[in-house]
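Have a look at the structure below, then the notes.
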Amino acid sequence: MTVGSYAASITAASITSSFDALSHFPERRAAAELSDLAARINAFGAYVDQLAAQEGVADSFKAVEEKQAFAIQHVAITRAFWAAESRCMSWFVTGSANFPVARNEKRQRSADARSTEICEHDRKARKAAKRHAFPYGAEGEAIRSNDPEALDKIRKKIAGLENDCEQAKAANRIIRTMRARKAEMADIIRAVVEQTDIETHVIGGALQHAETFRMPLKFDTTLDRAEIRRLQDRLASLEKLQERGDVETKVETSLGEIEIVENTEAARIQLFFPGKPDEQTRSLLKSNGFRWSPSHGAWQRHLNDNGRWAAKRVVKELQEEGEGA
């Protein structure tokens with residue numbers, strides 16, 4: 001197989017021995033495993049090509065590099081699975097006499113774990129590829145706080161929802177008036193379409209649904225109004241963050257000086273350590289919602305009040321550890 005500058009040559013004969021104790025036809029199993037590997041790599045490649053063909057994809061997105069990185073790691077993970085399988089046995093093949101049941105079960109659990117890693121790698125790689133292609137989210141997805149155009153997008157979405165509410169109110173007035181006149185359903189639909197921006201299939205479907213389930217013939221704006229309020233609160237919060245700007249604080253702890261940065265551009269609160277934190281500290285960070293960001297070289301989470309409180313909890317616990325040492 002060849003992906004970009006990466007090339008790997010794997011023959012069925014080279015991995016057949018991995019399945020000698022698992023199958024009466026190890027050569028068939030080897031061929032099937034290679035076929036599955038090729039299918040996974042090709043499917044990921046097709047997914048990356050699909051991302052690259054969409055509108056709004058980031059200029060920095062490199063489809064070939066994404067495919068190549070996936071193939072290199074996926075082949076390595078799959079080889080680890082084959083190696084784990086080679087240590088397993090089936091008593092149908094080897095015979096049941098003196099079969100090492102407990103030892104084989106332990107080895108099978110290890111092979112199952114390697115098999116799970118194959119699926120997880122594919123899932124995580126697709127998620128990462130999409131994030132690289134659309135670092136601020138694809139069209140129709142939730143607006144991300146670190147998007148440079150987040151404020152404009154939120155304002156535009158609010159305006160669109162407000163317009164929908166106004167159109168729904170206008171439609172409801174028309175429906176009430178014409179129902180009072182005992183107008184036919186077709187006439188009501190025609191009037192709504194002519195006097196509002198609502199399309200025929202939308203008003204028709206809504207009225208038909210209401211009539212079928214004996215509900216009031218009207219558009220309900222409850223959800224849209226709730227979403228408008230939520231977006232307005234979020235807009236105010238983001239505007240407040242931008243007005244405040246970046247805030248940097250340095251704190252002494254048992255691990256040395258930690259720098260706490262409120263990065264408004266990335267919309268993250270970040271913790272910078274003097275070195276790699278130990279396992280106990282990493283567990284503390286993860287339990288408080290922080291995740292390692294290789295691109296920033298920091299442990300970070302969303303910048304909001306919850307994030308600030310989480311940073312304070314982490315720092316306080318590290319300081320208490322230093323006092324008790």
Side-chain angles (χ1 to χ4, degrees), residues 1-8 38-77 117-161 227 230-231 234-235 237-248 261-272 286 289-304 307:
M1 66 187 70
T2 302
V3 182
S5 61
Y6 170 73
R40 292 194 298 271
I41 292 177
N42 288 333
F44 181 80
Y47 176 73
V48 170
D49 289 338
Q50 184 181 14
L51 290 176
Q54 294 181 30
E55 292 185 7
V57 66
D59 293 335
S60 58
F61 185 63
K62 307 297 182 185
V64 173
E65 293 179 7
E66 290 285 343
K67 297 178 190 178
Q68 180 173 297
F70 174 82
I72 292 172
Q73 191 170 0
H74 203 71
V75 168
I77 292 173
E117 287 177 1
I118 291 175
C119 297
E120 277 297 291
H121 178 243
D122 183 80
R123 182 185 67 82
K124 291 181 178 179
R126 287 171 181 259
K127 186 176 179 180
K130 187 174 182 180
R131 186 171 62 251
H132 297 157
F134 303 98
Y136 305 121
E139 186 69 26
E141 294 184 345
I143 301 170
R144 299 183 183 179
S145 299
N146 63 338
D147 188 341
E149 300 178 1
L151 296 181
D152 290 337
K153 287 182 179 179
I154 292 175
R155 293 189 186 104
K156 183 177 179 180
K157 191 169 184 178
I158 290 174
L161 288 170
E227 179 67 3
R230 186 190 71 82
L231 289 172
R234 188 180 177 200
L235 179 63
S237 177
L238 289 178
E239 287 175 337
K240 185 177 179 181
L241 279 179
Q242 290 199 358
E243 290 174 4
R244 183 176 181 181
D246 292 353
V247 178
E248 299 181 8
V261 177
E262 294 187 12
N263 188 331
T264 56
E265 182 179 353
R268 298 291 185 271
I269 184 165
Q270 301 171 324
L271 301 183
F272 292 87
K286 292 176 182 178
F290 286 90
R291 294 294 180 266
W292 172 248
S293 170
S295 59
H296 289 99
W299 289 83
Q300 63 182 26
R301 59 171 289 171
H302 287 291
L303 177 54
N304 50 31

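Please read these numbers as outputs of a predicted model, since none were measured by experiment.
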H132 vs E65 side-chain heavy atoms within contact, under 4.5 Å: no
One pair to check against side chain to side chain contact (heavy atoms under 4.5 Å, CB included): Q300 and N263. What are the steps and the verdict? CA-CA 10 Å; Q300 63 182 26; N263 188 331; over 6 Å; no
Which heavy atom of L151 sits nearest to which heavy atom of Q242, and what is that distance? CD1-OE1, 3.4 Å
The reported gap from NE2 in H302 to CD1 in I269 (rounded to nearest 0.5 angstrom) is 12.5 Å
Rounded to the nearest 0.5 angstrom, the CG-CZ distance for L271 and R301 is 10.5 Å
With heavy-atom distances below 4.5 Å as the criterion, would you say the side chains of L303 and T264 are in contact? yes
Around E265, counting heavy atoms of other residues, nucleotides and ligands shown, do more than 12 lie under 6.0 Å from its CD? no
Heavy atoms only: give me the nearest A150-R144 pair and the separation to one decimal. CB-O, 3.5 Å
Can you name the nearest heavy-atom pair linking Y136 to P148, along with the distance? CZ-CD, 3.4 Å
K240 and E243: CA distance, side-chain angles, deciding distance, salt bridge (Lys or Arg N to Asp or Glu O under 4.0 Å) verdict: CA-CA 5 Å; K240 185 177 179 181; E243 290 174 4; over 6 Å; no
Which heavy-atom pair separates K67 from F44 by the least distance, and what is that distance? CA-CE2, 4.1 Å
Quick check: do E120 and R123 have side-chain heavy atoms less than 4.5 Å from each other? yes
Is it the case that the side chain of R40 and the backbone of C119 share a donor-acceptor pair, with hydrogens and angles ignored and the cut-off at 3.5 Å? no
Just wondering, more than 12 heavy atoms not from K153 lying within 6.0 Å of its NZ? yes
Would one find more than 12 heavy atoms of other residues, nucleotides or ligands at under 6.0 Å from atom CD of Q50? no
Supply the atom-to-atom distance H121 NE2 to I77 CD1, rounded to the nearest 0.5 angstrom. 4.5 Å
With a 3.5 Å distance limit and no angle check, can you tell me whether E66 reaches the backbone of F61 through a side-chain donor-acceptor pair? no
Return the minimal non-hydrogen interatomic distance between A52 and A63, and the atom names on each side. CB-CB, 4.4 Å
Flag the pair F70 / D122 as yes when at least one side-chain heavy-atom distance between them is below 4.5 Å, and no otherwise. yes
Taking all atoms of both residues into account, what is the closest heavy-atom pair of T2 and A7, and its distance? OG1-CB, 4.1 Å
Out of curiosity, E149 CD to I143 CD1, how far, rounded to the nearest 0.5 Å? 10.5 Å
Is there side-chain contact between Q54 and F134, with heavy atoms separated by less than 4.5 Å? yes
Output all residues satisfying side-chain contact (heavy atoms from CB on, under 4.5 Å) with R291, sequence neighbours left out; order by chain, then residue number. K286
Interatomic spacing from CG in L238 to CD1 in I154 - rounded to 0.5 Å: 5.0 Å
Is the shortest heavy-atom distance from the side chain of D152 to the side chain of R155 under 4.5 Å? yes
Output for pair (Q270 CD, S293 OG), nearest 0.5 Å, gives 7.0 Å
